Peer 1: 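Would you mind keeping the following structure in view while I ask a few things?
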Amino acid sequence: MRAAIFLASVGLLAFVAAEDKPFDCGTGTESADPSFLDTIQSLHDGKASGSLAARAALTARDDKINIDAVFHIVMTDVAKDSITNAMPTSQLDALNSAFNPYNIHFNLLNVTWTTNDAWAIGAKPDDDAMKKALRQGTYKTLNLYFQTDLAGGVLGRCTLPSAIANGKSDPTVYFNDGCNINANTMPTGLMDGFNFGKTAVHETGHWLGLLHTFEGYSCDGPGDYIDDTPVQSTATDGCPVDPKKRSCENQKEGESDPIHNYMDYSIDECYEGFSVLQVERMRSMWGLFREGN
Ligand SMILES: [Zn+2]
């Protein structure tokens, strides 16, 4: 998830982050499916079984990955004029410019438009009802829900991959799969600092199996289970380039917090890319959990 860790007046909308735990919205190891966690732990520790490691390596090759996407625009009656017809197309462009350098491509199948005051907030149980009504495609179809009034002091949240292939999992896993994103973060939207469409990039990173670079909020432990992102104990606010942000003393020589990484919480203009091993992880997760399902 991506949090609004600031207090800002955006048009008529005020977003106030929760004082105590602004980041707690559930995209992280605590909400992850055991099969997903076991897989990333095994791959990270080099203890994956021969067949899992072989499949992960095979799917991590740099072949072109094409992902079908469906965008759902969900608005309150009051906010509906703030979302223009051009915004979903610009959002698709933002997603592709972020992922195409890694040979991952998104194809927008459909855009749905819904005016529903309850659904636009994204709280349970309305959120479940919305997704059950709107979700399209299969488990390899990326469904992004752009909601004008997403609650909880967050810019977005998303589901991590789960083992759905055996057909035995709870059907709600399929229906709930996808990302909730504040609609004002689409390009030209009302969310100053966060309106280049990069929240959708961050959330899609979760959907493809990435954790936050500061996962665990600790300088010790496995963190995000990715070896080429520096250890990081705090989420980043803004874009602290000078002096460099260094939340952990035990970072390697010359390292600092990965504030330009899409899986931190920096502002949109600060984001630059994914690390080599994050890309490998996303490609493996696509192959192991989503492709073919
Ligand atoms: Zn996140």
Side-chain angles (χ1 to χ4, degrees), residues 1-6 15 17-18 20-33 36-37 40 69 91 94-95 98-99 104 122-123 127 142-147 150-162 176-186 189 191 193-218 222-226 229-239 245 247 257-275 277-279 281-282 285-286 289-290:
M1 72 95 175
R2 201 173 173 206
I5 50 178
F6 55 98
F15 296 88
D20 49 350
K21 253 185 136 185
F23 307 111
D24 186 16
C25 89
T27 308
T29 51
E30 70 283 353
S31 66
D33 183 74
F36 165 78
L37 270 183
I40 62 168
Q91 178 62 70
L95 207 53
F99 281 92
I104 298 172
D127 202 54
L142 174 67
N143 280 254
L144 300 183
Y145 302 86
F146 293 95
Q147 295 157 289
L150 185 62
V154 299
L155 298 178
R157 63 175 185 266
C158 198
T159 51
L160 294 159
S162 293
N176 287 333
D177 180 66
C179 311
N180 299 66
I181 298 168
N182 188 308
N184 302 293
T185 66
M186 286 193 284
M191 188 70 77
F194 299 89
N195 58 358
F196 297 169
K198 300 292 181 66
T199 296
V201 173
H202 172 106
E203 300 306 333
T204 301
H206 285 312
W207 189 79
L208 286 168
L210 296 184
L211 299 167
H212 294 134
T213 50
F214 50 84
E215 180 71 29
Y217 296 94
S218 170
D224 60 0
Y225 295 90
I226 301 275
T229 53
V231 289
Q232 182 182 4
S233 63
T234 61
T236 299
D237 184 12
C239 192
K245 176 172 176 253
S247 62
D257 283 16
I259 64 168
H260 302 297
N261 192 291
Y262 287 125
M263 299 318 290
D264 199 348
Y265 274 170
S266 320
I267 51 175
D268 278 11
E269 66 177 45
C270 196
Y271 280 151
E272 291 176 1
F274 296 105
S275 75
L277 294 181
Q278 281 179 322
V279 174
R281 177 65 49 80
M282 285 193 283
M285 294 294 105
W286 169 256
F289 286 96
R290 296 201 178 274

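We count ligands from 1, going down the list as the structure has it; atoms in each ligand are counted the same way. In this text the structure is predicted, and so the values were computed from the model without any measurement. The basis for the numbers below is simple: all heavy atoms, side chains too, and nothing from hydrogens, waters or symmetry mates.
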Peer 1: To the nearest 10 degrees, calculate the angle at the Zn ion (ligand 1) involving NE2 of His202 and NE2 of His212.
Peer 2: 100°

Peer 1: Relative to the Zn ion (ligand 1), which of the N, O or S atoms in His206 is the closest?
Peer 2: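 Result: NE2.
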
Peer 1: In Å, rounded to the nearest 0.5 Å, how long is the span from CG of Asn261 to CD of Glu272?
Peer 2: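 Spacing of CG (Asn261) from CD (Glu272) equals 10.0 Å.
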
Peer 1: With the threshold set at 4.0 Å, does a side-chain nitrogen-carboxylate oxygen contact exist between Lys245 and Asp257?
Peer 2: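 Asp257 and Lys245: salt-bridged.
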
Peer 1: Do any of the N/O/S atoms of Cys158, backbone or side chain, fall under 2.8 Å from the Zn ion (ligand 1)?
Peer 2: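 It does not; every qualifying atom lies at 2.8 Å or beyond.
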
Peer 1: Got a sec, which residues hit ring pair (Phe, Tyr, Trp, His ring centres under 6.0 Å) with Tyr145, two or more places apart in sequence or on another chain?
Peer 2: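 Here the qualifying residues are His72.
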
Peer 1: Parallel under 30°, tilted from 30 to 60°, perpendicular over 60°: which one fits the rings of Trp286 and Trp207?
Peer 2: tilted

